[in-house]
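We count residues from 1, following the sequence as given.
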Amino acid sequence: MKNSDAMSHVRAQSLFVDDLPEPRDLLHGAVFTSPIPRGRFTNLDTRGATAADGVVRVFTAADIPGENQIGGIIKDEPLLAEGNVHFIGQPIAVVVAQTRKQARAAVSLIQAQFEAIDAVFDPRIAASRGELIAPTRCVSQGDVDAAWADCQVVVEGTVESGAQEHVYLETQAAMAYPGEQGAIKLFSSTQAPAAVQRTVASVLGIRMNRVEVDVKRLGGAFGGKEDQATPWAAMVALAASILDRPVKIVLGRQEDIQLTGKRHPYTSDYKMGLDADGRILAYEATFYQNSGACADLSTAIMERSLFHAANSYFVPNLRIKGYCCRTNLPPFTAFRGFGAPQSMFVMESAMHKAAAAMGVEHAVLQEKNLLREGQKLHYGMEVRRCNAERSFDQVLKKVDYHTLVNDVKLFNENSRYEKRGVCVVPVCFGISFTSTFLNQASALVHVYTDGSVNVSTGAVEMGQGVNFKIRHIASSILGIPADGITVESTNTSRVANSSPTAASTGADMNGQAALVACQEIVDRLKKVAADELNGDIRDVSIGNGHVFLAGKKSRLDWEALVSLAYMSRVSLSAQAHYATPGLHYDKVAETGKPFAYHVFGAAVTEVTLDCLRGTYKVDRVSVVHDAGRSLNPLVDRGQIEGALVQGIGWLTMEELIYSEGRLLADSLATYKVPTIHSVPQIDVDFLDDSENPKAPLFSKAVGEPPFIYGLGAYLALVNAMGAFRPDAEIEYSAPLTPEKVLMFLHG
Ligand code: LUZ
Ligand code: MOS
């Protein structure tokens with residue numbers, strides 16, 4: 001089975017929002033934004049812009065007929081600012097003109113008086129002033145305070161991790177068409193069509209059934225379009241509904257980097273205590289999340305940070321606190337891993353430091369503390385079908401780890417200026433939205449009279465191959481080849497109330513809904529076949545496009561059966577809803593079962609450091625990943641490789657520098673992402689004998705967990721640095737850019 005998108009992608013035939021045929025009367029929007037990080041504006045003057053060439057109209061907050069509000073979890077974010085501004089780049093007005101160029105040119109003609117007030121950029125300062133997005137959360141188990149007394153070794157410190165820009169290939173984009181009687185149809189590059197529909201309806205002051213959102217595919221998203229595709233859609237919908245003409249906004253690359261949210265930077269304190277055997281007895285961590293100026297998804301992201309604070313280890317006494325700190329930066333948002341990478345980096349740094357303090361081989365310490373079957377995590381959930389040790393052992397064996405460590409040691413003893421480093425990192429990642437209500441999906445399946453099949457679900461295809469997986473599921477349930485099945489665009493009129501395609505759950509939940517719908521149709525068709533063939537329905541099966549009776553090929557093929565069902569007036573359509581069973585969480589008691597299951601894995605990273613230049617190379621990453629019974633090994637391998645490289649980028653080279661709230665690294669010339677030249681040799685194996693009854697066809701979710709393997713690059717580099725300067729104190733502060741390495745080696 002071939003991924004149907006691959007051929008059209010490489011031939012540039014795949015359509016994204018900006019490729020859709022443009023209606024003749026299309027107008028283009030561009031956005032005027034705040035030049036100051038915090039303050040007020042008065043005397044907003046749009047007359048110059050309105051009079052400019054090609055400009056049709058300039059929209060401000062005053063033009064919004066409904067609610068000027070786009071906040072999803074907390075209603076703290078206006079679509080267009082109304083006097084107060086909280087970050088550089090906050091939208092204030094939308095210019096609509098005949099061409100994109102005219103709209104952009106006219107933006108600079110808008111004037112206002114800005115009065116700046118003291119802004120805050122540092123999350124610890126924000127927290128000390130009580131500038132928090134939400135009440136502080138604390139998840140714990142055991143008795144941390146009492147446990148310190150039993151500890152042989154205690155390490156503590158601070159860990160920092162920086163922001164990360166998504167660099168999806170397709171920038172934020174939306175196009176709105178006015179319909180009859182105030183209805184709106186939108187094409188949006190969003191992971192959350194239902195959220196766009198809901199927000200647009202509320203901004204326009206109309207009901208949701210007047211808004212249709214259609215998403216064919218996205219050119220990447222990585223979380224950057226879970227919440228932050230919505231404002232652009234709301235702006236074009238506003239303009240289209242008032243002007244009664246189609247309107248499109250597509251952000252330029254630099255504009256996209258400047259205006260949109262990124263992965264949250266965290267600064268964290270930790271303390272870890274171990275017994276003489278190296279068993280962790282107590283762990284305490286406090287996360288200061290730089291949330292930016294509005295809530296966006298920050299509280300949900302913090303929740304995932306809290307849940308993943310122990311990574312793949314069992315810690316009997318643990319206390320994790322999280323502050324969502326309000327600062328005057330563009331709201332930070334979802335990014336692959338959703339807060340888990342930040343907190344797992346703190347844990348892995350603590351483990352690394354503890355191993356050094358105890359003089360124990362790092363991997364030995366890690367292995368000793370790995371989660372075991374049935375152990376309870378601090379959020380109250382027991383780990384079942386625990387593959388933590390199996391993945392860890394399989395990857396160590398795969399690379400012959402202890403020999404490798406010795407080789408590296410020998411190499412380093414004999415090499416003065418080139419040092420190698422190696423490190424293993426385990427992963428345990430919870431699958432499900434942490435907000436229980438989001439764990440639902442639906443599907444709508446039509447079989448047409450010629451036997452061809454059309455599947456719609458709430459899943460958004462963003463390059464991750466979810467459509468490919470859903471086709472595979474439909475094909476195996478219906479018993480027909482995949483080439484007779486298409487997966488349709490994601491459309492709010494066909495599938496309602498869908499959750500964002502996020503949290504690695506897209507294929508799990510939408511695939512399961514599609515599976516149930518297909519099964520319903522198959523059951524009906526089997527009855528038709530049994531009647532026609534005078535057999536027992538229990539003896540009927542469909543496979544390879546044929547109908548079998550008691551294992552023998554009958555005279556009916558799929559097409560004949562479908563046509564017979566139609567003539568017998570049997571419905572060839574089915575709708576199904578899936579709600580992940582067994583989930584619950586009590587936010588007051590901070591305990592429950594937030595996840596359907598966990599994904600496990602482990603990776604060994606090898607690096608070589610040039611100690612004269614501070615430059616380095618990630619040589620090889622060997623992965624053993626738990627993909628369950630992979631739905632598609634090729635797609636899953638692609639996800640694992642992509643996530644790993646994205647993780648390496650976050651921890652080593654991608655550095656977002658702000659100065660007084662202004663992003664300095666705001667282009668791909670100054671913000672460095674991994675390219676083909678920085679990709680290591682990647683050896684991916686799937687964990688042997690993993691079956692997951694909690695996802696379709698015994699598979700496992702794959703999107704986010706392998707991002708964590710990137711932590712290995714950081715720690716392997718630290719090991720190489722330590723080989724050059726064994727005396728120096730290690731700082732755990734990502735990204736570990738070559739500049740930072742050089743300062744460490746020779747500072
Ligand atoms: N989005 C969300 C997510 O709303 N809740 C989650 O738990 C989540 N996890 C990962 C990525 N996106
Ligand atoms: Mo996401 S970070 O949109 O799963």
Tell me whether the rings of [X] and [Y] are parallel (<30°), tilted (30 to 60°) or perpendicular (>60°).
{"X": "Y323", "Y": "Y288", "answer": "parallel"}
{"X": "F114", "Y": "F41", "answer": "tilted"}
{"X": "H264", "Y": "F332", "answer": "tilted"}
{"X": "F187", "Y": "Y177", "answer": "perpendicular"}

Would you kindly say whether [X] and [Y] are connected by a side-chain donor-acceptor distance under 3.5 Å?
{"X": "Y168", "Y": "D256", "result": "yes"}
{"X": "Y266", "Y": "Q289", "result": "yes"}
{"X": "D53", "Y": "Q102", "result": "no"}
{"X": "Q440", "Y": "H577", "result": "yes"}

Practice item. Could you walk me through whether T33 and Q90 pass side chain to side chain donor-acceptor pair (under 3.5 Å), step by step? Key: CA-CA 5 Å; T33 64; Q90 183 171 0; over 6 Å; no

Check your understanding: Has R38 got its NZ or CZ under 6.0 Å from the middle of the six-membered ring of F87, at an angle within 45 degrees of the ring axis?
Key ->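 Not satisfied by the 6.0 Å and 45° rule.
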
Review point. Can R124 be said to sit on top of F287's aromatic six-ring, NZ or CZ under 6.0 Å from centre and within 45° of the ring axis?
Key: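 No, a cation-pi geometry is absent between R124 and F287.
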
Point to revise | OG1 on T267 to CG on D122, rounded to 0.5 Å | key: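 Nearest 0.5 Å value for the CG-OG1 distance: 7.5 Å.
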
Check your understanding: Can you name the nearest heavy-atom pair linking V215 to S188, along with the distance?
Key ->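 Smallest heavy-atom distance, with atoms named: CG2-O, 3.4 Å.
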
Review point. Of the non-hydrogen atoms in S189 and A229, which two are nearest, and what is the gap between them?
Key: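 Looking at all heavy atoms of both residues, the shortest contact is O-CB, 3.3 Å.
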
Review point. Can you tell which of Y379, F595, F345, F338 makes a ring pair (Phe, Tyr, Trp, His ring centres under 6.0 Å) with H308?
Key: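 Option passing the ring pair (Phe, Tyr, Trp, His ring centres under 6.0 Å) with H308: F595.
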
Expected list for residues 196-209: side-chain donor-acceptor pairs under 3.5 angstrom, two or more places apart:
| residue | atom | partner | partner atom | Å |
| --- | --- | --- | --- | --- |
| Q197 | NE2 | M208 | O | 3.0 |
| Q197 | NE2 | V211 | O | 3.2 |
| T199 | OG1 | A195 | O | 2.9 |

Check your understanding: Going through the checks in order, is the ring-ring contact (aromatic ring centres under 6.0 Å, His included) test met by F707 and W650?
Key -> CA-CA 10 Å; F707 184 93; W650 174 54; 5.7 Å; yes

Check your understanding: Is any side-chain heavy atom of L79 less than 4.5 Å from a side-chain heavy atom of M235?
Key ->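 Contact flag for L79/M235 side chains = yes.
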
Exercise for review: Apply the test side chain to side chain donor-acceptor pair (under 3.5 Å) to residues D227 and T333: give CA-CA distance (whole Å), side-chain angles for both, the deciding distance (0.1 Å), then the verdict.
Suggested key: CA-CA 7 Å; D227 224 35; T333 194; 5.4 Å; no

